[in-house]
Amino acid sequence: MVAMQHVQSRPGPLFLFTGRGVWRRAIRTAGALSLWVLAACRPAGSAADRVDRADRAEDVASAALTAPGLPLSQAEALRSYVEEVLDGFLVRRIERMRSALETGELTDGFVATQRNETFGKTFSEAEGLFNAGEELFEFEFSTAEGLGDGMGGRPPNMHRVHRGAHGGPDTTSCRSCHHRGGDDGAGEYPEAAFTGGDGADTYHSKERNPPALLGGGALQVLAREVSAELQRQLEHPAEMDYDISLYAQGVEFGKVRVRKDGQMDRSGLLSIDPDLVVRPFGWKGTHSSLRRFAEEAFQVHHGMQSEVLVQHRQEFGTMPRHTSPATAAIFGGLGDGPPQDPDRDGVLRELRDEHLTAISAYLTLLPLPTLELPRAPDLVAAWQRGEGRFREIGCAGCHKPSWLIKDPRWEERFELDASRPPIVLDLRRDIQRGPKLDHYDGSVAEYQIFPYTDLRRHDMGPELADRDAPAPPHRDGDRGGPQIPASYFLTRPLWGLADTGPYLHDGRAVTLHDAIAAHGGEAAPVRARYLALPPADQRALQVFLLSLTRAPVPEVVP
Amino acid sequence: MTGRARRWTLGLLLACGLLGACGRGGAPQPIPPVGEAAQRTLLPADPYEDARRALLQRQLRRERLFREAYEPGSLWAPLRVEQGDIDAGRVGLPRLLDIGRDLFALDHGPAQGLGNGLAGRTSPLAGARPAPNLRHVHYRGFGGPDATRCLSCHHVGGDAGGGFRSDNTFLDGDGKAPGAALERNPRALLGIALLQRLGEEMTAELQEQRRRAARGSDTPLVAKGVSFGRLKLDRRGRLDRRALSGVDPDLVVRPLGWKGTVATVREAVERALQQNLGLQSDGWLRAHRGQPELIGDGPDPADPDADGVRREYTDGMVTALVAYLSALAPPIEAPPEVQRFALYASQGAEQFQRLGCAGCHVPELPLQRTVVSLGPGRGGPVVDLAPLLRVAGRAERLPGVRLFSDLRRHDLGEGLADRRADPGVDPAARRQWLTPPLWGVSASGPYLHDGRASTIEAAILSHGGEAQAARDAYNKLSMVEQGWLHLYLSGLDRPHHLEFRK
């Protein structure tokens, strides 16, 4: 603990979690309790058992621990949390049983209000939406809800390898690929998606490892602010031709040539789309909002079509101008069926506006990742050295540790009914089940987050590039997705990294060392410096990376 | 020598013989159900304690992973247990279970022998990347490898559960196209040792009938009340294969795998290690020496998958995994708490019988003997599985195994058939599937061999062939009555607990 206190007093991004209220207590309790329990119940079992276990590595680890006392209030916090979780489990069990009796789930009434009723509790609008979104996230979809399509086969017409931008479908629930390390985590190697493929061959597709989803809400508001800042830099009227390098919070996003006549040459922007919108979601950085990100996932993984897109296509035929290339691609790949049911599965309004709003709110309000150090003094020392090396050798150049957020609120709007007021989600208040956004440093007006990314794309070299994925044949307008060069990838946010393996966009790296060693292109010099480090320093760096994790919140696996 | 002395000598000799007979493993040790699986209720009795235990485990696990990152091998060295140490009693059952549990949940890496180093060789066995050279579609019997740990695909509802649709494995393929492979949804593993024991007893029963049958006879073939067709011998005593039903001509009941192709937990483990993880166990290499198409064609016979790691999995490590899997208690039956629902569920139980579901999904099979050896072969520690079946505090006669299966194959019709037969299985068996045990069904979706059914209803409606009549009867039910049946099945659950997913 001495070592821990020492580390805590160091300046730096150490306590990402600084939330308020019962959650803060619960999570602190979790940390404190684990220490306390360790000390309390170690010498259990028979003497033979103890001898048996004596050489276990975990005992070596726990021997280094000491036991702080456990204040009664914290024990109470954990108790009330546990009760809440079990209540939630039982409520869901009853709901499952009710739906077993009455088939025909996912109606309009499913969102928010019904949940309040079942719980017998009063929820804020944000909490209600979060709960509804969570239900959607865990729901096992079937053809009754619109899973899959009837294009060239009977619904659901699953395709493990996607058919172009139309997608698979390849699975039946969100959580089936986002569960590693806990709800909304990453996917395992077998759960990779084969996007933009030919529908048959895994080698003719872009292999994508499901990323962890925690902290998306903060990235979403941050990207909005950074985009605005970049765009503001081009607002000055030009009196003569000039080049401008665009910067935001110290990160360069490339050059733009502004001409006197107001025209701009944006060919110098390789790290970001020409519209200067920062898109922090997707391995290639293809979406700026969780709403559009989820909409694409529902389309390509579940074959559940966004009511918003379908209705828009029915009324206008084309997408509005500001649509991202990724959304334009799925829009083009919706299907060739009748206007109300492009995917020909006989189910209309599959992913309704309300559902999309709920799932977006849910993703926005997932907790922020956090930092948790090792306990043994020598490992803490290694952590400190590793954190230093991370900066010294240049990892932090792209995996930028921290950003500042000015306005921590996000408005989630219903898109089809303009009369419904937007729902304001405040990341300081509304984040559920874990760390909320808070001032890391009270003297700074902004909110600091620690995502370890620079929010832009980099050329990672031919060794990491996608295999050549052929444009799919068949349908008109069915494009394979945004045209981002095969070797360009968004700098992966490293927060919450522990328990998200395997690593990299296609999950090819099973160990952290392999992941680092696979960096090429712009990262090649940093990789060379890493490989030149003494092995002990390389390992210390990995110890540091493993400390980027999520808050310990136990759950009942349904 | 007097008669008395002779009797003493004889007695001593007998005693020595007896001691020698049970020498290697000693008397069967009652297997302690592992961790959370020991809980025989839906939710933990003391959830607060449960949460604290989960926190402790999480903390220890994180610390060990930090340590492994800093001192590579520190985590793995203690797990490399040798069979000799187990047999000599130097590694006890509790330790063995801990090791097995770790091996099940830990991500393996190239240093542990994950995958292969066969890229660049001329044979098409493996992918084109450096070790671990993962790929999602298997090449024939060699495998992918397509995962990094057992838990990658066995996690629905908790550790050792089934897999999601996205966890489906593509067996016996061409290495590239899922459509050319046999798609299989990972099965839940709870109670797996009991299935093995049931199969062994049924096999013994069938083979006993075979031994006793006279030439030219034609008698019904039955084990544990389940019919396996007729035992028909011609005048020379040869078996008429066509008269058999649902079992292989060797009359071995193989209760594991979707097609019923695997008889023991150990065989299932060694096969999965090779095909899904590219981890070659000593036993697997012994069994398949001279079969490069199964083990790889690398130049070093001690490392045929050419990843530079020899003895990737010792017999002892496999035994540890088998011990862990054998200590998984079976799922539970948890009827609805709400009284009205409980009433409906009991009506659903009646429907289950009346419609004929219970004809194949036989609710309960009796088990005579619960003692198994963990292997390899008939060696290794001998354990008693009785603690998995007994409810605490009630030590009377051993209850039956409520697995909801008859452990034989049935023709399920063309709708469920594979495009082609499994390797080594009669081509006519394309439409045949082992009746999957329904225990724990509510926590092991999606359903059917390729996970095509998200709901129990869709699963029932996919039944054809021999199950057509039962499906038709189900179809004739009103929505409400169907609901009762769904409700009953949703009570077949597994214990849940507070945990941190790994």
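Residue numbers begin at 1 in each chain, while the letters A, B, ... track the order of the sequences.
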>> What part of A:Arg154 gets within 4.5 angstrom of chain B, counting heavy atoms only: side chain, backbone, both, or neither?
In response: neither
> Can you name the nearest heavy-atom pair linking B:Val156 to B:Ser444, along with the distance?
Replying inline: CG1-CA, 4.4 Å
> Among B:Ala443, B:Ala54, B:Cys153, B:Pro72, which residue forms the greatest number of heavy-atom pairs with chain A at distances under 4.5 Å?
Replying inline: B:Pro72
>> For A:Glu95, is there an ion pair with A:Arg98 - N to carboxylate O distance below 4.0 angstrom?
In response: no
> Does B:Arg61 pair with A:Asp499 as a salt bridge, N-O distance under 4.0 Å?
Replying inline: yes
> What pairs with A:Tyr189 under ring-ring contact (aromatic ring centres under 6.0 Å, His included), at least two apart in sequence or on another chain?
Replying inline: B:His136
> Run the salt bridge (charged side-chain N to carboxylate O under 4.0 Å, His left out) check on B:Arg95 and B:Asp98 step by step: do they pass?
Replying inline: CA-CA 5 Å; B:Arg95 170 83 192 281; B:Asp98 279 353; over 6 Å; no
> For residues 144-158 of chain B, which residue pairs qualify under salt bridge (Lys or Arg N to Asp or Glu O under 4.0 Å), counting only residues two or more places apart or in two chains?
Replying inline: A:Glu188-B:Arg149, B:Asp107-B:Arg149
> What part of B:Leu489 lies closer than 4.5 angstrom to a heavy atom of chain A: side chain, backbone, both or neither?
Replying inline: neither
> Can you tell which of B:Pro336, B:Gly109, B:Ala51 has the highest number of heavy-atom pairs within less than 4.5 Å of chain A?
Replying inline: B:Pro336
> Do A:Thr500 and A:Leu497 have side chains that get closer than 4.5 Å, going by heavy atoms?
Replying inline: yes
>> Shorter than 4.5 Å, heavy atoms on both sides: which option in A:Val510, A:Asp514, A:Leu545 has the most such pairs with chain B?
In response: A:Val510
> How far apart are the closest heavy atoms of B:Gly451 and B:Asn168, and which atoms are they?
Replying inline: N-ND2, 4.5 Å
> If you look at every heavy atom in A:Gly199 and A:Arg163, which pair is closest and at what distance?
Replying inline: CA-CG, 3.8 Å
> Do the side chains of B:Asp174 and B:Val137 get nearer than 4.5 Å, heavy atoms only?
Replying inline: yes
>> Can you tell me which portion of A:Arg175 sits under 4.5 Å from chain B's heavy atoms? Options are side chain, backbone, both or neither.
In response: both
> Considering only heavy atoms, which portion of A:Leu90 lies under 4.5 Å from any heavy atom of chain B: side chain, backbone, both, or neither?
Replying inline: side chain
> Looking only at heavy atoms, what is the nearest atom pair of A:Pro554 and A:Val85, with distance?
Replying inline: O-CG2, 4.3 Å
> Can B:Arg101 and B:Asp159 be counted as an ion pair, charged N to O under 4.0 angstrom?
Replying inline: no
> Looking at B:Ser454, B:Ser166, B:Ala453, B:Pro110, which makes the most heavy-atom pairs under 4.5 Å with chain A?
Replying inline: B:Ser166
> In terms of heavy-atom pairs under 4.5 Å with chain A, which of B:His155, B:Gln482, B:Arg452 leads?
Replying inline: B:His155
> Measuring heavy-atom distances to chain A, does B:Ala147 have an atom under 4.5 Å in its side chain, in its backbone, in both, or in neither?
Replying inline: both
> Non-hydrogen atoms of chain B under 4.5 Å away: do they reach the side chain of A:Ser142, the backbone, both or neither?
Replying inline: both
> Is chain A contacted by the side chain of B:Leu43, its backbone, both, or neither, given a heavy-atom distance below 4.5 Å?
Replying inline: side chain
> What part of B:Pro132 lies closer than 4.5 angstrom to a heavy atom of chain A: side chain, backbone, both or neither?
Replying inline: side chain
>> Under 4.5 Å from any heavy atom of chain B, what part of A:Ala509 do you find: side chain, backbone, both or neither?
In response: neither
>> Quick check on A:Asp506 against chain B: is it the side chain, the backbone, both or neither that has a heavy atom closer than 4.5 Å?
In response: side chain
> Which bit of B:Ala334 is near chain A, if near means a heavy-atom gap under 4.5 Å: side chain, backbone, both or neither?
Replying inline: both
> Can you say whether B:Asp493 sits under 4.5 Å from chain A via the side chain, the backbone, both, or neither, judging by heavy atoms?
Replying inline: side chain
>> Between A:Glu140, A:His179, A:Glu83, who has the most heavy-atom pairs with chain B when the cutoff is under 4.5 Å?
In response: A:His179
> Quick one: of B:Ile456, B:Leu487, B:Val480, who has the most non-hydrogen atom pairs under 4.5 Å with chain A?
Replying inline: B:Leu487
> If we only count heavy atoms from C-beta on, is the B:Thr455 to B:His486 side-chain gap below 4.5 Å?
Replying inline: no
> So what's closer than 4.5 Å to chain A heavy atoms on B:Pro130: side chain, backbone, both or neither?
Replying inline: neither
> Non-hydrogen atoms of chain B under 4.5 Å away: do they reach the side chain of A:Ser547, the backbone, both or neither?
Replying inline: both
> Under a 4.5 Å heavy-atom cut-off, does chain A meet the side chain of B:Tyr70, its backbone, both or neither?
Replying inline: both
>> Taking every non-hydrogen pair under 4.5 Å, which of A:His513, A:Arg180, A:Arg160 racks up the most with chain B?
In response: A:Arg180
>> Using side-chain heavy atoms (C-beta onward) and a distance below 4.5 Å, is A:Phe141 in contact with A:Pro156?
In response: no
> Quick one: do B:Arg67 and A:Asp378 make a salt bridge, cutoff under 4.0 Å?
Replying inline: yes
>> Regarding A:His178 and A:Asp184, do their side chains bring together a donor and an acceptor under 3.5 Å, going by distance alone?
In response: no
> For chain B, which of A:Arg508, A:Arg93, A:Arg96 has the most heavy-atom pairs under 4.5 Å?
Replying inline: A:Arg93
> Does any heavy atom of chain A fall under 4.5 Å from the side chain of B:Leu485, the backbone, both, or neither of them?
Replying inline: neither
>> With chain A as the partner, which of B:Ser490, B:Pro47, B:Gly179 has the greatest number of non-hydrogen pairs under 4.5 Å?
In response: B:Pro47
>> With chain B as the partner, which of A:Glu207, A:His301, A:Gln542, A:His159 has the greatest number of non-hydrogen pairs under 4.5 Å?
In response: A:Glu207
